Protein chains: 2
Amino acid sequence: MKESLIETTYSTEWSGIWQVLGCKWTFHILRFLAVQDAQFNQIQTAIDGLPASTLSTRLKALEEERIVSRTVEDSSPPTVEYSLTEKGTELAAIIEQIEELESRYA
Amino acid sequence: MKESLIETTYSTEWSGIWQVLGCKWTFHILRFLAVQDAQFNQIQTAIDGLPASTLSTRLKALEEERIVSRTVEDSSPPTVEYSLTEKGTELAAIIEQIEELESRYA
DNA sequence: CCGTATCCCCTAGGATACTG
DNA sequence: CAGTATCCTAGGGGATACGG
């Protein structure tokens, strides 16, 4: 019996990525950004029912996880764009697999 | 335009699978069951810190999503075994991809 | 236009105790 | 062994209002 193995394998931390993935709206935000880069308001109006406060919180969490990146463009007026990072793009692809899985077993 | 529809459902569904995937401990439970079928107590003791009440709730949700199946074996004493369904096995594999993704970008 | 702060309610989930 | 019942609190998330 390898107690050390059991410890290291199953006492793992509650990873931040799961925390944010499980949050409401995350899934919709990622799917939207997978299709197109977008500004805050574009996301908010595209996803019906999503409150600005929640979007704000969620984008910050996704940034921390390096799933989404925030770019300020120095135009006039300056605009802010959100897009998926490379990690985020890969993640979105995996998420689609889960969607596909669900529809297959529906 | 059906405003009533928008009001009642926010137009886009919050899929049950995401709800349970995002819950704490779900990830650990799935990983454990991917390695071996197990009884209630085996799962609980293997995963450090997981309360019985939470495990109970989680297993029920996972059953509803057809991710985990519950089998009562008619021995004496009768035992209850939890295992991944085919859907659950596929899901576990996808989840591993996310883990792999995380470690790759860590 | 691009958000953040605040308030408030409701549910998740941990501790504990108890049943078949 | 295999759970369920209860209680309690911490945080998610919606509405609203406000700052840059």
Side-chain angles (χ1 to χ4, degrees), chain A residues 10-11 13-30 32-33 37-65 68-83, chain B residues 6-30 32-33 36-65 68-83:
Chain A
Y10 299 112
S11 68
E13 281 290 313
W14 183 224
S15 155
I17 202 171
W18 286 109
Q19 204 125 227
V20 66
L21 276 184
C23 286
K24 203 170 172 181
W25 302 114
T26 300
F27 164 72
H28 296 294
I29 296 168
L30 290 184
F32 185 76
L33 288 178
D37 297 356
Q39 302 177 17
F40 191 94
N41 258 23
Q42 289 182 301
I43 304 175
Q44 205 208 329
T45 47
I47 304 176
D48 190 38
L50 168 60
S53 54
T54 301
L55 178 56
S56 179
T57 314
R58 206 64 74 245
L59 284 173
K60 222 171 279 174
L62 289 168
E63 261 193 273
E64 264 170 39
E65 295 298 324
V68 162
S69 71
R70 183 181 190 273
T71 315
V72 181
E73 279 161 32
D74 224 0
S75 52
S76 61
T79 54
V80 184
E81 274 228 336
Y82 294 92
S83 56
Chain B
I6 293 173
E7 272 179 43
T8 47
T9 61
Y10 277 149
S11 86
T12 31
E13 284 273 319
W14 183 228
S15 156
I17 202 170
W18 286 107
Q19 201 125 230
V20 66
L21 276 184
C23 285
K24 203 170 172 183
W25 302 115
T26 300
F27 164 73
H28 295 293
I29 295 167
L30 290 184
F32 186 76
L33 289 178
Q36 58 189 279
D37 297 357
Q39 303 176 16
F40 191 93
N41 258 24
Q42 289 182 302
I43 305 175
Q44 204 209 329
T45 48
I47 303 175
D48 192 38
L50 169 58
S53 54
T54 301
L55 179 55
S56 179
T57 313
R58 206 63 72 247
L59 285 173
K60 225 170 276 177
L62 289 169
E63 262 193 272
E64 262 169 40
E65 295 298 324
V68 162
S69 69
R70 184 181 187 273
T71 316
V72 180
E73 279 161 30
D74 222 1
S75 52
S76 61
T79 55
V80 183
E81 275 228 337
Y82 293 92
S83 56

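FYI, side chains are in, hydrogens and waters are out, and symmetry mates aren't considered; it's all heavy atoms of this structure. Every chain is numbered from 1, with letters handed out A, B, ... down the list of sequences. What you see is a predicted model, and the numbers here were worked out from it, not measured in a lab.
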task: Specify the separation, in whole Å, of atom CD1 of B:I29 and atom P of D:dG3.
output: 13 Å
message: Among residues at least two apart in sequence or on other chains, which ones pass side chain to side chain contact (heavy atoms under 4.5 Å, CB included) with B:E64?
response: none
Gap between atoms CD and C1', on A:Q44 and C:dC2 respectively (whole Å): 10 Å
Distance below 4.0 Å between A:R70 side-chain N/O and C:dC2 OP1 or OP2: no
query: Picking from D:dG13, D:dG3, C:dG3, which would you name as closest to the side chain of B:F40?
result: D:dG3
statement: Residue set satisfying side chain to side chain contact (heavy atoms under 4.5 Å, CB included) with B:A61, at least two apart, ordered chain then number -> B:V20
- prompt: Does any non-hydrogen side-chain atom of B:L59 lie less than 4.5 Å from one of B:R70?
  reply: no
field: Contacts of A:T45 that satisfy side chain to side chain contact (heavy atoms under 4.5 Å, CB included) - sequence neighbours left out
entry: none
task: In whole angstrom, give the distance that lies between atom CD of B:E81 and atom P of D:dC1.
output: 14 Å
message: Check this one for me: any side-chain N or O of A:Q39 less than 4.0 Å away from OP1 or OP2 of C:dC2?
response: yes
Partners meeting side chain to side chain donor-acceptor pair (under 3.5 Å) with B:S69 (sequence neighbours left out): B:S83
query: Is A:R58 reaching over with its side chain to a backbone N or O of A:K24, donor-acceptor style, under 3.5 angstrom?
result: yes
- line: Given protein heavy atoms under 4.0 Å, the one-letter contact record of nucleotides 14-20 of chain C, with B base, S sugar-phosphate only and - none, is simply SB-----
- request: Check the distance between C:dC2's C1' and A:L59's CG and give it to me in whole angstrom.
  value: 11 Å
task: Write down the distance between CD (A:Q19) and C1' (D:dG12), rounded to a whole number of angstrom.
output: 11 Å
- request: Would you please confirm or rule out a distance under 4.0 Å between OP1 or OP2 of D:dC1 and any side-chain N or O of B:N41?
  value: yes
- request: Return the value, rounded to whole Å, for the distance between atom NE2 of B:H28 and atom P of C:dG13.
  value: 12 Å
- request: Answer yes or no: does a side-chain N or O of B:Y82 lie under 4.0 Å from OP1 or OP2 of D:dC1?
  value: no
message: Tell me every residue that passes side chain to side chain contact (heavy atoms under 4.5 Å, CB included) with A:T57, counting only those two or more places apart in sequence or in another chain.
response: none
- prompt: What's the CD-P distance between B:E73 and D:dA2, to the nearest Å?
  reply: 10 Å
task: Report the distance from atom CD1 of B:I43 to atom P of D:dC1, rounded to the nearest whole Å.
output: 13 Å
message: Quick check on D:dG12: is either OP1 or OP2 less than 4.0 Å from any side-chain nitrogen or oxygen of A:R58?
response: no
